[in-house]
Amino acid sequence: MDFGLSQDQEMLCDAISRTLADTCPLDHVRECAEGSVPFSDNVRSALGEIGIWGMMVPEQHDGLGMTMLDAAAVAEQLGYAVAPVPFIGAHVLAPLALAQGGSEELKAHWLPRIAKGEAQIAVAIAETVEIRDRAGVDFDGAKLDGTALFALDFLEADAFLVADTAGRMHFVAGDAAGLEKVALKTIDRTRSVGELRFSGVAGEALADDGGATVRRLRDAGRVLLAADSLGAGQAMIEKAVDYAGQREQFGRVIGSFQAVKHVCAEMAARHEPCRSLVWYAAHAFDATPDEASLVACHAKSHTGEVHRFVARTSTEVHGGMGFTDLLGLHFWFKRIGFDRQVLGSPEAVRAEAAALQGWTQVA
């Protein structure tokens, strides 16, 4: 079977790559990371002209109705440029949740606004993977109480989609009474996460489907985090190779030394197979949903391990300069670190994959 991106998907990647090259240089990423809000209005506006904000919104709600493989291709480009824009939560998970479990009123009001880039909905499902001490949201049939951590695309969100401890999703307005919002700092300053504290908060429960919507969101999030790492890892490999071809030591470029050649080759050898793994996981999300959870686990856990190695090794190839803010390698390093941990570390996700295959019992 000849499996790869279609011509349209390659054109989409090329358009996004050129747009980010023009609007998202490293100096701009640094400015956003040092500001109070890590998102770039310029980059958001430029990407909005391509139409990616509505790519996962169904066509009947003014979106493009594209596939998870399309979204993964976009996520890879965003990771390559460490683009400071909301995407995974606000423009993939949120429209997926509303399209699958939202009422007709919610869909009609919010999906067209998401497609036009006029609304941003943060998504909090971290507790469906692992629950921190004193975290988790309870639903008593009318109100929400508890705490949800690591809501994705938190800052500037107009509303929130939150999973309760039973695995049901709830839509909560950003100005709901009893809702406290706390921005969280992570190692990755190019993205925004937050903590939501609920005290008798009224929300609109999405369809009670036995947790099917949450599972789909978790699978999608893991695939996109893996794709983001794929792009960030590619950027770090290219930077290491370029630096090795310019930096001189003992009268020779360091790329001519066998030890440096070998580590650069090992980075590429570990990184490249991840591409087909991520692409297949994204393809399976739509084409073979029965295996989507398992292959999403494989993609998330494997890229998390591989790109931690790539991030560390690329930094080491740069020597002492690699640890400085001047080169900015840390933006990709930290983005890979964020991708590795959110929605399950490699260890946690592999344990889940083992349970899905019947090798172990779920704890």
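No experiment lies behind these values; they were computed from the predicted model shown.
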If you measure from [atom1] on [X] to [atom2] on [Y], what distance do you get to the nearest 0.5 Å?
X: Leu111; Y: Lys116; atom1: CG; atom2: NZ; result: 12.0 Å
X: Met169; Y: Leu96; atom1: CE; atom2: CG; result: 10.5 Å
X: Leu93; Y: Thr213; atom1: CG; atom2: OG1; result: 12.0 Å
X: His262; Y: Met267; atom1: NE2; atom2: CE; result: 13.0 Å
X: Leu329; Y: Lys239; atom1: CG; atom2: NZ; result: 7.0 Å
X: Leu343; Y: Glu130; atom1: CG; atom2: CD; result: 10.0 Å

Determine the minimum heavy-atom distance between [X] and [Y], stating which atoms define it.
X: Gly48; Y: Trp53; answer: CA-NE1, 3.3 Å
X: Gly322; Y: Thr315; answer: O-CG2, 3.6 Å
X: Leu155; Y: Ala183; answer: CD2-CB, 4.2 Å
X: Thr303; Y: Val278; answer: CG2-CG2, 3.8 Å
X: Ala115; Y: Gly63; answer: CB-CA, 4.2 Å
X: Arg44; Y: Asp41; answer: NH2-OD1, 3.1 Å

How far apart are the C-alpha atoms of Arg350 and Glu305, what are their side-chain angles, what is the distance that settles it, and do they pass the salt bridge (charged side-chain N to carboxylate O under 4.0 Å, His left out) test?
CA-CA 11 Å; Arg350 285 195 179 108; Glu305 296 286 28; 3.4 Å; yes
Could you give me the CA-CA distance, side-chain angles and deciding distance for Lys334 and His330, then say whether side-chain contact (heavy atoms from CB on, under 4.5 Å) is met?
CA-CA 6 Å; Lys334 293 171 181 176; His330 62 89; 3.7 Å; yes
Distance-only, no hydrogens or angles: does the [X] side chain make a donor-acceptor pair with backbone N or O of [Y] under 3.5 Å?
X: Ser276; Y: Pro273; answer: yes
X: Ser314; Y: Ala311; answer: no
X: Thr324; Y: Met321; answer: yes
X: Asp153; Y: Pro86; answer: no
X: Thr19; Y: Ala15; answer: yes
X: Thr288; Y: Glu291; answer: no
X: Gln9; Y: Ser6; answer: yes
X: Thr313; Y: Phe309; answer: yes
X: Gln341; Y: Gly337; answer: no
X: Arg340; Y: Ser229; answer: no

Go through the steps to decide whether Glu180 and Ser199 satisfy the test side chain to side chain donor-acceptor pair (under 3.5 Å), and finish with yes or no.
CA-CA 8 Å; Glu180 182 181 357; Ser199 179; over 6 Å; no
For a quick check under 3.5 Å, do Ser103 and Glu204 share a side-chain donor-acceptor pair by atom type?
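On atom types as modelled, these side chains qualify, holding a pair under 3.5 Å.
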Before accepting this row, confirm whether a basic side-chain N of the pair [X]/[Y] lies closer than 4.0 Å to the acidic partner's carboxylate O.
X: Arg191; Y: Asp188; result: yes
X: Lys143; Y: Asp140; result: no
X: Lys261; Y: Glu266; result: no

I would like to know whether Val172 and Phe198 meet side-chain contact (heavy atoms from CB on, under 4.5 Å); could you show each step before the answer?
CA-CA 10 Å; Val172 179; Phe198 300 90; 4.1 Å; yes
Candidate pair Leu98 and Ile121, rule side-chain contact (heavy atoms from CB on, under 4.5 Å), full reasoning
CA-CA 10 Å; Leu98 292 175; Ile121 300 178; 3.9 Å; yes
Do you know which of His61, Glu118, Gln120 makes side-chain contact (heavy atoms from CB on, under 4.5 Å) with Arg113?
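Going through the options one by one, the only one that passes is Glu118.
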Name all residues meeting the salt bridge (charged side-chain N to carboxylate O under 4.0 Å, His left out) criterion together with [X]; count only those two or more places apart in sequence or in a different chain, and write none if there are none.
X: Arg189; result: none
X: Asp14; result: Arg18
X: Arg247; result: none
X: Glu104; result: Lys107

Determine whether His28 and Thr23 satisfy the following criterion, side chain to side chain donor-acceptor pair (under 3.5 Å), listing intermediate values before the conclusion.
CA-CA 8 Å; His28 184 56; Thr23 62; over 6 Å; no
Do [X] and [Y] sit in the same hydrophobic cluster, where Ile, Leu, Val, Met, Phe, Trp and Tyr count as joined when their side-chain heavy atoms come under 4.5 Å apart?
X: Leu78; Y: Met56; result: yes
X: Val92; Y: Phe39; result: no
X: Val162; Y: Phe171; result: no
X: Val214; Y: Met68; result: yes
X: Val85; Y: Val29; result: no

Holding to side chain to side chain contact (heavy atoms under 4.5 Å, CB included), I want the full list of residues that pass it with Ser293, two or more places apart in sequence or in another chain.
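Result, side chain to side chain contact (heavy atoms under 4.5 Å, CB included) vs Ser293: Asp219, Leu356.
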Sequence-distant partners of Thr147, side chain to side chain contact (heavy atoms under 4.5 Å, CB included), two or more places apart
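Per chain and number, Thr147 pairs via side chain to side chain contact (heavy atoms under 4.5 Å, CB included) with Leu149, Glu195, Arg197.
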Test Asp325 against Arg30 for salt bridge (charged side-chain N to carboxylate O under 4.0 Å, His left out), laying out the working first.
CA-CA 9 Å; Asp325 183 63; Arg30 184 178 281 108; 3.1 Å; yes
Derivation of the side-chain contact (heavy atoms from CB on, under 4.5 Å) call for Phe154 and Leu184:
CA-CA 9 Å; Phe154 170 81; Leu184 299 176; over 6 Å; no
Parallel, tilted or perpendicular: ring planes of His271 versus His307, cut at 30 and 60 degrees:
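Aromatic pair His271/His307 classed perpendicular.
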If you draw the axis of the six-membered ring of Trp332, does the NZ or CZ of Arg335 fall within 45° of it and under 6.0 Å from the ring centre?
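Not flagged: Arg335 not positioned over aromatic ring of Trp332.
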Could you tell me if the side chain of Met55 sits less than 4.5 Å from the side chain of Ile52, heavy atoms only?
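The answer is yes, as the side chains (C-beta and beyond) meet within the 4.5 Å cut-off.
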Using side chain to side chain donor-acceptor pair (under 3.5 Å), reason through Ser45 and Asn42 one step at a time and then give a plain yes or no.
CA-CA 5 Å; Ser45 176; Asn42 290 339; over 6 Å; no
